[in-house]
Amino acid sequence: MSARERPVLAAPAPFPLPVPVEVFPPLAPVRVRFPRPRVEDVPRAVREELDRLPAGDLRGRRVAVTAGSRGIARIPDILRAAVGWLRDRGAEPVVVAAMGSHGGATAQGQRALLGHLGVTEASVGAPLSCEMAVVEVGRTPEGLVAYCDAVAARCDALLVVNRIKPHTAFAGPFGSGLMKMLAVGLGKAPGAAQIHRQGPDRMAAAIESLAAVVLSRLRVLGGLAVVENAYDEVALLEAVPADRIPRRERELFVQARELMPRLPVDDLDVLIVDRMGKDISGTGMDVNVIGRWRLAGVPEPPSPRIRRIVCLRLSRASEGNAQGVGLADVVTRRLVEALDPVATYANALTSTYLERAFVPVVMPTDRDAVAAALASLATDPARARVARIRSTAHLQTLWLSAAVLPELRGRPDVDVGEPAPLAFADDGTLVGVDDG
């Protein structure tokens, strides 16, 4: 049964709201200037950094290179440059899907997800393995099993490639990065399930302990760490020797957190998110941006404070995985029709965070969804504090209602344009929403 054939519990169109919303607050375009360090020549930087690793003689050696499920800036170019560097040294590289249970925890799903990110055998110049089999390479002192992709484990060496950034399931001295790739990404579904069963308070310690086992049992050449700026550009590339990964990752994490995009205001009545998806964040919408964790026993961050979140679309690259949809309050029928229960529930069950897969109130159109969010508040819709963003990864340009704009006066990093009404097509679609 296709996504469009599945029955969807949605309100009729147009939905008769108990508090009719006829007037939407006009939104002004706002451009935020974030710090923008940038690597100009990414392939060259990859090769220069890898030259710093104590790789030894790699002639005739088979080397696994990791590829994750996130939409990392220039990732096909980064992997291709790493593959080329290995070939220049006589190695036989193979790119290995390292994304835990993403892609519906199937080889076909993980290959399709990588394809959406532009990672194919042709683009990286090496064989691409997406097999789901794992082997046990050791155990931590606490008894956790260090799983590793069977193909990677059979290789002579391993090169770990990943982005460093805050995670969406735990808060600690590091987040998503090289250690998580070693402990979870390469651990496939069993590794991901084991980590998430530790809970958010013990997850960071478990990841570090498991990564230490992998580093001690397999020949890891090192890690290639990617740090991005707020414009989805590579801000920093650094090759980290294997024995320095735990310490250096903490230092790079500080830089990554400082470069993350943020909303320019802390208090909103309604946040309209055009798109969510696994290519944008592990939770579809980055919890560090929206200020919502929705994890039992974990306090919500002090800011930002957003009363209602409306999400309009699920990205195509997410391959139907709508993990994180439960972070929203109102969604559209179109988003729910794109939801693949197999991919979404496999991710939710593995993570143990079922609440994040709960489907919110479903409205038939974009207009109905925004109206429902406004009607649910004890606030005059025309005076509501509203923001619209493309996604939680794209905050350099957003739209804000008049009630928010006074807080931006005098800020040298912000430019504000003229407010304009929200424009909806005859079918209720918000003009300018990209389905990509």
Side-chain angles (χ1 to χ4, degrees), residues 39 41-68 72 74-99 114 118-131 133-138 146-164 177-183 185-188 210-226 234 236-249 252:
V39 175
D41 190 336
V42 169
R44 178 179 177 180
V46 169
R47 289 174 172 270
E48 289 178 348
E49 282 298 313
L50 292 177
D51 280 341
R52 298 171 55 230
L53 292 179
D57 187 0
L58 296 177
R59 288 174 294 182
R61 304 294 186 183
R62 195 163 185 237
V63 181
V65 182
T66 63
I72 300 173
R74 303 288 300 275
I75 189 59
D77 296 331
I78 291 170
L79 292 174
R80 188 176 187 86
V83 164
W85 181 85
L86 289 167
R87 288 201 190 281
D88 288 347
R89 279 147 188 80
E92 299 173 6
V94 55
V95 175
V96 174
M99 59 182 77
L114 287 175
V119 177
T120 64
E121 294 189 351
S123 70
V124 300
L128 178 60
S129 172
C130 297
E131 298 306 311
V134 296
V135 296
E136 178 180 333
V137 298
Y147 296 101
C148 183
D149 174 274
V151 172
R154 289 195 299 268
C155 286
D156 300 298
L158 174 63
L159 178 64
V160 188
V161 180
N162 204 16
R163 177 177 57 195
I164 308 291
L178 303 176
M179 286 192 286
K180 182 172 177 285
M181 184 65 86
L182 288 166
L186 282 169
K188 300 290 185 172
L210 285 165
V213 173
V214 178
L215 287 167
S216 67
R217 298 296 180 90
L218 298 180
R219 186 191 175 194
V220 180
L221 298 181
L224 183 61
V226 184
V234 177
L236 181 152
L237 278 165
E238 183 172 321
V240 185
D243 61 348
R244 295 195 60 223
I245 285 176
R247 178 177 177 180
R248 185 56 182 155
E249 182 162 337
L252 292 172

Just to verify, what does [X] make a salt bridge (charged side-chain N to carboxylate O under 4.0 Å, His left out) with, not counting sequence neighbours?
X      : answer
Arg52  : Glu49
Arg80  : none
Arg248 : Glu238, Glu251
Glu136 : Arg139

- Query: How long is the span from the CG atom in Asp149 to the OG1 atom in Thr66, to the nearest 0.5 Å?
  - Reply: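 Those atoms lie 10.5 Å apart.
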Check: How long is the gap from NZ on Lys180 to CG on Leu186, to the nearest 0.5 Å?
Finding: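 Output value for this atom pair is 11.0 Å.
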What residues, two or more places apart in sequence or in another chain, satisfy side chain to side chain contact (heavy atoms under 4.5 Å, CB included) together with [X]?
X      : result
Ala82  : Val46, Leu50, Leu159
Ala97  : Met99, Gln110, Leu114, Cys130, Lys188
Ala45  : Val39, Leu237
Val213 : Thr140, Ala146, Arg217

Looking at Leu252 and Ala225, what are the two nearest heavy atoms and their distance?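 That closest heavy-atom pairing would be CD1-CB, 3.7 Å.
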Identify the heavy atoms of Ala211 and Ala183 that sit nearest to each other, and give their distance.
->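 So the minimum-distance heavy-atom pair works out to N-CB, 4.1 Å.
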Can you list the residues that meet the side-chain hydrogen bond (donor to acceptor under 3.5 Å, both in side chains) rule with [X], with sequence neighbours excluded?
X      : result
Arg59  : Asp57
Arg61  : none
Ser123 : Thr120

Item checked: Pairs flagged by salt bridge (charged side-chain N to carboxylate O under 4.0 Å, His left out) wherever residues 81-98 is involved - sequence neighbours left out ->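 The answer is Arg47-Asp88, Asp51-Arg89.
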- Side chain Asp156, main chain Arg62, donor-acceptor under 3.5 Å: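 Side chain of Asp156 to backbone of Arg62: a pair is present.
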If only atom types and distance count, is the side chain of Ser129 paired as donor or acceptor with the main-chain N or O of Val96 below 3.5 Å?
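No; zero donor-acceptor contacts below 3.5 Å.
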